[in-house]
Amino acid sequence: MEEYLPVLKQTILFSDVTDDEILSMIRCLGVKKKTYPAENYVFTAGETIEELTVLVRGALLVQRDDYWGNRSIINRILPGELFGEAYAIPGNGPMFHDVLATEDSTVLFFDVNKVMTVCSGTCPFHTRVIGNLLRALASKNRDLTRKIDHLAKRSTREKLIAYLSAESRKQNTPSFDIPFDRQQLADYLAVDRSAMSRELCRMKEEGMLRFRRSHFELLGKNQTNIT
């Protein structure tokens with residue numbers, strides 16, 4: 001598990017926890033590792049889980065398909081991110097969403113009951129990890145609130161402006177990469193891909209932004225559009 005230490009240190013679960021403490025906790029919790037080829041599911045809707053999960057390699061999409069096959073993307077998970085924690089807490093019921101590997105991925109599984117139960121004095125850092133878990137849940141709640149704000153906008157343009165503005169603030173720069181391709185972004189914002197692409201082109205022509213693939217740059221009112 002030592003090879004995953006650099007990634008584990010990025011996850012909020014192990015914030016302010018040293019390398020030796022992380023390795024000690026991994027031994028204490030009996031962490032399991034699983035690999036998933038691209039286009040395979042890590043979890044499916046209706047499944048009950050009892051483990052916290054951290055992605056250490058690859059990329060995942062949290063998504064849901066309706067009866068007619070229309071897809072809604074909830075989030076994209078990248079290495080170092082914790083996922084599924086809201087469902088792993090005892091009594092929270094089955095998964096509402098699918099979690100799909102979009103490329104070959106490796107996931108570490110932590111028994112949530114062991115994580116939430118403070119052991120003997122041999123793990124003095126355990127309390128910190130429990131506090132970090134609460135922070136992770138609060139962070140996910142903020143992310144969902146942010147997405148609700150995007151989806152509450154009436155038009156495709158308003159949704160794009162809300163999402164891109166939030167990403168710019170989050171990354172503290174007007175020039176940034178987003179974690180979605182065009183279809184994934186359309187599914188995330190619950191809009192038609194073609195209509196979204198046309199709107200992006202209009203916004204580019206109006207000098208509001210410029211973009212190339214998943215990279216965007218938001219322009220000020222006095223800036224001109226440069227192809």
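Using a 4.0 Å cut-off between charged nitrogen and carboxylate oxygen, Asp187 and Arg71 do not count as a salt-bridge pair. A salt bridge links Asp19 to Lys9: at least one charged side-chain nitrogen sits closer than 4.0 Å to a carboxylate oxygen. Contact check on Lys32 versus Glu51 returns a salt bridge, with a Lys/Arg side-chain nitrogen under 4.0 Å from an Asp/Glu carboxylate oxygen. Ionic pairing of Asp149 and Arg146 is not present here: no N-O contact between side-chain nitrogen and carboxylate oxygen is shorter than 4.0 angstrom.
With hydrogens and angles ignored, the 3.5 Å screen pairs a side-chain donor or acceptor of Glu158 with a backbone N or O of Arg154. Between the side chain of Arg76 and the main chain of Ile178, no donor-acceptor pair closer than 3.5 Å is present. Between the side chain of Glu21 and the backbone N or O of Thr18 there is at least one donor-acceptor pair closer than 3.5 Å. The closest donor-acceptor contact from the side chain of Asp104 to the backbone of Ala38 lies under 3.5 Å. A donor-acceptor pair is defined here as one N or O able to donate and one able to accept, closer than 3.5 Å; no such pair exists between the side chain of Asp65 and the backbone of Gly69. Not a single donor-acceptor pair under 3.5 Å links the side chain of Asp98 to the backbone N or O of Thr44. One N or O on the side chain of Glu81 and one on the backbone of Leu78 form a donor-acceptor pair closer than 3.5 Å. Formation of a donor-acceptor pair under 3.5 Å by the Ser105 side chain with backbone atoms of Ala59 is found in this model. The closest donor-acceptor contact from the side chain of Ser24 to the backbone of Ile22 lies at 3.5 Å or more, if one exists at all. Of the possible polar contacts, none joining the Glu199 side chain to the Leu160 backbone as a donor-acceptor pair under 3.5 Å is found.
The CG atom of Leu61 lies 10.0 Å from the CD atom of Glu103; values are rounded to the nearest 0.5 Å. Note that CG of Leu185 is 8.5 Å distant from CD1 of Ile73, once rounded to the nearest 0.5 Å. The line from OG1 of Thr102 to OH of Tyr36 is 14.5 Å long, rounded to the nearest 0.5 Å.
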Would you please test Tyr188 and His150 for side-chain hydrogen bond (donor to acceptor under 3.5 Å, both in side chains) and show each step?
CA-CA 10 Å; Tyr188 180 79; His150 304 335; 4.8 Å; no
Quick one: do Arg27 and Leu23 satisfy side chain to side chain contact (heavy atoms under 4.5 Å, CB included)? Show the steps, please.
CA-CA 6 Å; Arg27 290 190 292 269; Leu23 290 174; 3.8 Å; yes
Pair Ile74-Lys147, side chain to side chain contact (heavy atoms under 4.5 Å, CB included): steps then yes or no
CA-CA 8 Å; Ile74 311 303; Lys147 182 177 181 181; 3.9 Å; yes
Leu8 vs Ile26, side chain to side chain contact (heavy atoms under 4.5 Å, CB included): CA-CA, chis, key distance, verdict:
CA-CA 11 Å; Leu8 289 173; Ile26 286 174; 3.7 Å; yes
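Note on Leu82 and Leu60: separate hydrophobic clusters, where clusters join Ile, Leu, Val, Met, Phe, Trp and Tyr whose side-chain heavy atoms are under 4.5 Å apart, directly or indirectly. Tracing side-chain contacts under 4.5 Å through hydrophobic residues (I, L, V, M, F, W, Y), one never reaches Leu100 starting from Ile77; they form parts of separate clusters. A single hydrophobic cluster is not seen to contain both Ile12 and Val62; linkage of ILVMFWY side chains at heavy-atom distances under 4.5 Å, directly or through other members, places them apart. Both Phe96 and Val42 are part of a single hydrophobic cluster, where members link through side-chain heavy atoms under 4.5 Å apart. At a threshold of 4.5 Å between side-chain heavy atoms, the hydrophobic network of Ile, Leu, Val, Met, Phe, Trp and Tyr places Val31 and Val17 in one connected group.
Residues Ser72 and Gln63 have side chains not in contact (no heavy-atom distance under 4.5 Å, counting atoms from C-beta outward). Residues Arg157 and Met208 meet the side-chain proximity criterion, which asks for heavy atoms closer than 4.5 Å. Between Tyr163 and Phe216, every side-chain heavy-atom pair lies at or beyond the 4.5 Å cut-off. Side-chain contact check for Thr48 versus Met95: every heavy-atom pair is 4.5 Å or farther apart. By the 4.5 Å heavy-atom criterion applied to side chains, Lys153 and Leu189 are not counted as neighbours. When side chains are defined from C-beta on, Leu164 counts as touching Leu218, because their heavy atoms get closer than 4.5 Å. The closest side-chain heavy-atom distance from Leu209 to Glu217 is not below 4.5 Å.
Here the closest heavy-atom approach between residue Arg135 and residue Ser15 is recorded as NH1-OG, 3.5 Å.
Counting non-hydrogen atoms of other residues, nucleotides and ligands closer than 6.0 Å to CD of Glu3 gives a total above 12. A 6.0 Å sphere centred on CD of Gln183 holds more than 12 heavy atoms belonging to other residues, nucleotides or ligands. Annotation: Asn172, atom CG; neighbour count of heavy atoms from other residues, nucleotides and ligands within 6.0 Å does not exceed 12.
Aromatic rings of Phe211 and Phe176 (six-membered ring for Trp) have centroids beyond the 6.0 Å cut-off, not under it. Taking the six-membered ring for Trp and the full ring otherwise, Tyr87 and Phe43 have centroids separated by 6.0 Å or more.
Phe83 pairs in a side chain to side chain contact (heavy atoms under 4.5 Å, CB included) with only one of the listed residues (Val54, Asn75, Val107), which is Val107.
With Phe109 as the aromatic partner, Lys34 meets the cation-pi criteria of under 6.0 angstrom to the ring centre and within 45 degrees of the ring axis.
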